[in-house]
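In what follows, a single structure is set out as structure tokens and then discussed.
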Amino acid sequence: MISEPATIIASAAYLPPNRVKNSHFESYLDTSDSWIYERTGIKERRWADMGVKASDMGVFAATEVLKKANMEPKDLDLILVATMTPDQPLPSTAALIQSKLAGCKAPAMDISAACSGYLYGLSVAKAFIEAGMYKNILLVGCEKMSQVLDPNDRSTIILFGDGAGASVITSGGKGLRIDNIILGLDGNLANSLYIPQGGSMKMFGQEVFKTAIQRGVEVIEKLLEKEKLLIENIRYVIFHQANMRIIQNIQKRFQIPEEKIPTTIEYTANTSAASIPILLESISHEQNQRYMSVAFGAGFTYAGAIFTSL
Ligand code: UT7
């Protein structure tokens with residue numbers, strides 16, 4: 001098989017209908033709408049109903065993106081699912097999603113890299129395609145964050161939302177050609193953000209905040225150097241949506257104009273591995289531009305990608 005550059009030909013998003021506004025937390029925690037908005041940029045998030053699992057949201061986004069890509073489940077060669085909130089320990093959420101896509105026989109596996117999961121998944125898709133092994137890959141980021149949060153921990157309960165995003169990546173095609181991806185991990189910070197077996201999320205917020213900025217800056221510098229670009233050459237910087245102040249800190253460092261930084265955090269909060277594909281869906285396609293994406297999360301993982309829009 002002659003391989004062409006791996007290209008994201010379509011992306012789609014799914015957000016559950018139930019909106020949870022900041023005022024919800026004022027009713028039982030020592031917090032306020034103004035504190036949350038000023039410190040994070042978040043006004044509301046979506047939380048899925050009790051019976052809805054990460055795989056269900058993933059299937060909604062997957063079905064939508066297949067429609068956009070003019071494909072059917074049987075056309076897929078591989079399914080990758082980035083999630084830190086799997087439906088259950090076994091089998092993978094990817095296997096459950098495959099079973100809900102009628103006629104799909106593709107092998108499928110989960111990728112566990114927290115909020116960097118979508119870009120980690122994209123690197124796997126790129127490698128499979130450019131090695132000539134597969135042609136059509138579905139990458140889903142789906143998270144039911146509300147199931148792993150302690151409702152009484154005001155530093156985490158306010159930050160996260162549920163949702164899913166999905167992309168189809170093919171050998172060649174029109175869309176976002178994946179030019180370069182870099183991945184990183186600081187395993188010594190594994191305890192800065194974690195979920196113990198059977199427990200809820202624990203986070204050292206300031207450490208995560210500081211590391212996200214440091215690594216975000218580093219990733220951008222490395223990508224620009226590798227691709228011999230200046231930040232001015234980038235049309236859009238697609239940040240993982242964790243905290244508006246993290247994004248603004250990095251933005252100031254590089255003096256990136258605000259209009260080049262699309263965001264959804266105000267109404268999605270942090271949807272972890274789903275945040276980048278949800279954002280990708282919201283961006284209008286402009287031809288012959290360079291786009292960049294940056295992510296960071298538990299692990300401590302970080303990643304960056306450079307694309308050309310075709
Ligand atoms: O994808 C990666 C996922 N995680 C993240 O991106 C999280 C990164 N970290 C953050 O976003 C921020 O650290 C937080 C939003 C979690 C906290 O904001 P901060 O400005 O770093 O606050 P802080 O941790 O320095 O805490 C300042 C104060 C503390 O009170 P005391 O000890 O000074 O009395 C906190 O207890 O703010 C308090 N606080 C809150 N107050 C009102 C923490 N959460 C809240 C809250 N409402 N929801």
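Numbering of ligands and ligand atoms starts at 1, following listing order.
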Fill in: Any residue meeting side chain to side chain contact (heavy atoms under 4.5 Å, CB included) with Lys74, in chain and number order, not counting sequence neighbours
Glu72
Practice prompt. Go through the steps to decide whether Arg290 and Glu232 satisfy the test salt bridge (charged side-chain N to carboxylate O under 4.0 Å, His left out), and finish with yes or no.
Written response: CA-CA 10 Å; Arg290 305 305 290 274; Glu232 292 78 13; over 6 Å; no
Practice prompt. Drop me the distance from Tyr267's OH to Gln241's CD, to the nearest 0.5 angstrom.
Written response: 8.5 Å
Worksheet item: What is the distance from atom NZ of Lys222 to atom CG of Asn180, rounded to the nearest 0.5 Å?
Response: 11.5 Å
Considering only N or O atoms, set out every pair between ligand 1 and the protein closer than 3.5 Å, with distances to one decimal place.
residue	atom	partner	partner atom	Å
ligand 1	1 (O)	His240	NE2	3.0
ligand 1	1 (O)	Asn270	ND2	3.1
ligand 1	9 (N)	Gly205	O	3.1
ligand 1	11 (O)	Asn243	ND2	2.7
ligand 1	13 (O)	Gly205	O	3.3
ligand 1	20 (O)	Arg39	NE	3.1
ligand 1	20 (O)	Arg39	NH2	2.7
ligand 1	20 (O)	Arg245	NH2	2.9
ligand 1	25 (O)	Gln206	NE2	2.4
ligand 1	36 (O)	Arg154	NH2	2.8
ligand 1	41 (N)	Arg154	NH1	3.4
ligand 1	47 (N)	Thr31	OG1	2.6
ligand 1	48 (N)	Thr31	OG1	3.2
ligand 1	48 (N)	Arg154	O	2.9

Item to complete: Give the intermediate values and the outcome of side-chain hydrogen bond (donor to acceptor under 3.5 Å, both in side chains) for residues Glu143 and Thr85.
Response: CA-CA 6 Å; Glu143 301 282 14; Thr85 51; 2.7 Å; yes
Discussion item. If you count heavy atoms of other groups shown closer than 6.0 angstrom to OH of Tyr236, is the number above 12?
Written reply: yes
